[in-house]
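All values below were derived from every heavy atom in this structure, side-chain atoms included, with hydrogens, water molecules and symmetry-related copies excluded.
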Amino acid sequence: MGEASSSGAESALDRAGALPGVSYVMPVLNEAPYVRAAVERLLAQDYQGPYDITLAVGPSTDGTEQVLEQLSREHPNVRVVPNPAASTSAGLNAAIRASSYPVVVRVDAHSLLPPDYTRVAVETLQRTGADNVGGLMDARGTTPFEKAVARAYRSRIGLGGTQHHVGGKEGPAQTAYLGSFRRDRLEAAGLFDEAVRRGQDWELNRRLRAAGGIVWFTPRLVVTYQPRSSIRSLVNQFFATGMWRGELVRRFPSANSLRYLAPPVLVVLLAAAIIVGLLGIAGLIIGAPLGWLTLAFAVPVLYLLFVLAAAFAIGSRDGAAAMLRFVIVVPTIHLSWGVGFIGGFFELSHDLHSRSGR
């Protein structure tokens, strides 16, 4: 499939009465348990316009390639292209370049689109003239651990309360979850930056807005998201996310919200309080007048009480088992993200570009 020209893409999208074609693009790496369900949701869209589905697969070790080969055999409008770089940004660009329609809808292997998603996205693009339209990431789990992670995603305590996690009024936004793009403006912006392995959506939306474009949030777009299923995968995800956010804050300090600083500040406060408290204990042991330093332990104790209160108030909505895991999940998200941010901001990692969080 060849790329559509910019002028052709714009006229096809905005022509009255016409239903523009839609290209779904999805980067996939080690997603064998999830990818079929995600693709089947695309095939079940109620949108009546033409469409294609392009999956960019990285070198996987869990049988993902075999699943995708089967999907492409079953459905002629499903195409698989290689993503040897194994990064989200490179995979998205490979899929975009291999597709042709004037609307580009980004999809994640963990996301389950409702039947009206494409129809609402295209209508919103046409109505608002936005470059990119996104909606709400509605995290939902099946196991107690996944339910705890999903609850943390949907709470201000967990991820800070951004629109695409907790909802809000329709209108211009700084960034958008996934994204449905006008191809011509996406191409004019230079697609995704392949040097950015996490936060690439935020970075692209920054460029779209800097060029005078509009990124639009609408709560009518609700995507079910399947969260990570183990503590290890959660740590990897948020450590990588934190590292890349630290890198992006260092690159574009004025373009980032202050809320991104909360996790690293928490890490510094907890670490400092524990060190000071241990000095106080050492002082008590050797008889030095440093016992008052043990008061610093109040900081981690207060944080623990905060997490326990949040687990009781929020995590308990999914049952006792999920509530107990919420107590672990929230600090895991905060501390993994915060430590990663410090490493990314101060360039402490020599392998930043290998950190994708998968």
Without swapping roles, check the side chain of [X] against the backbone of [Y] for a donor-acceptor pair under 3.5 Å.
X: His334; Y: Ile157; result: yes
X: Arg197; Y: Ser89; result: no
X: Arg154; Y: Ala139; result: yes
X: Glu203; Y: Gly199; result: no
X: Asn132; Y: Val215; result: no

Subject >> Residues forming a side-chain hydrogen bond (donor to acceptor under 3.5 Å, both in side chains) with Thr143, sequence neighbours excluded >> reply: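 For Thr143, no residue satisfies side-chain hydrogen bond (donor to acceptor under 3.5 Å, both in side chains) once neighbours in sequence are set aside.
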**OP:** Please name all residues satisfying side-chain hydrogen bond (donor to acceptor under 3.5 Å, both in side chains) with Arg151, sequence neighbours left out, ordered by chain then number.
**Re:** Asp318
Original post:
For the hydrophobic clusters of this structure (ILVMFWY residues joined by side-chain heavy atoms under 4.5 Å, transitively), does one cluster hold both Phe306 and Val327?
Top reply: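 As far as the 4.5 Å side-chain criterion goes, Val327 and Phe306 are connected within one cluster.
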Original post:
Are Arg119 and Glu123 ion-paired here, with the side-chain N under 4.0 Å from a carboxylate O?
Top reply: no
**OP:** Take Asp52 and Ser23 through the side-chain hydrogen bond (donor to acceptor under 3.5 Å, both in side chains) test and state the conclusion after the steps.
**Re:** CA-CA 5 Å; Asp52 56 34; Ser23 291; 2.9 Å; yes
**OP:** State, yes or no, whether a side-chain contact exists between Val122 and Val105 at a heavy-atom distance under 4.5 Å.
**Re:** no
Subject >> Distance-only side-chain donor-acceptor flag, Arg41 / Ser111, under 3.5 Å >> reply: no
Original post:
Parallel, tilted or perpendicular: which fits the ring planes of Tyr225 and Tyr177, with parallel below 30° and perpendicular above 60°?
Top reply: perpendicular
**OP:** For the residue pair Tyr260 and Trp337, categorise the inter-ring angle as parallel (less than 30°), tilted (30 to 60°) or perpendicular (more than 60°).
**Re:** parallel
**OP:** Identify the residue among Arg207, Arg183, Arg185, Arg206 that makes a salt bridge (Lys or Arg N to Asp or Glu O under 4.0 Å) with Asp131.
**Re:** Arg185
Original post:
What distance separates Asp108 CG from Leu92 CG, expressed to the nearest 0.5 Å?
Top reply: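 Answer rounded to 0.5 Å: 9.0 Å.
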Original post:
Does atom CZ of Arg232 have more than 12 heavy-atom neighbours from other groups under 6.0 Å away?
Top reply: no
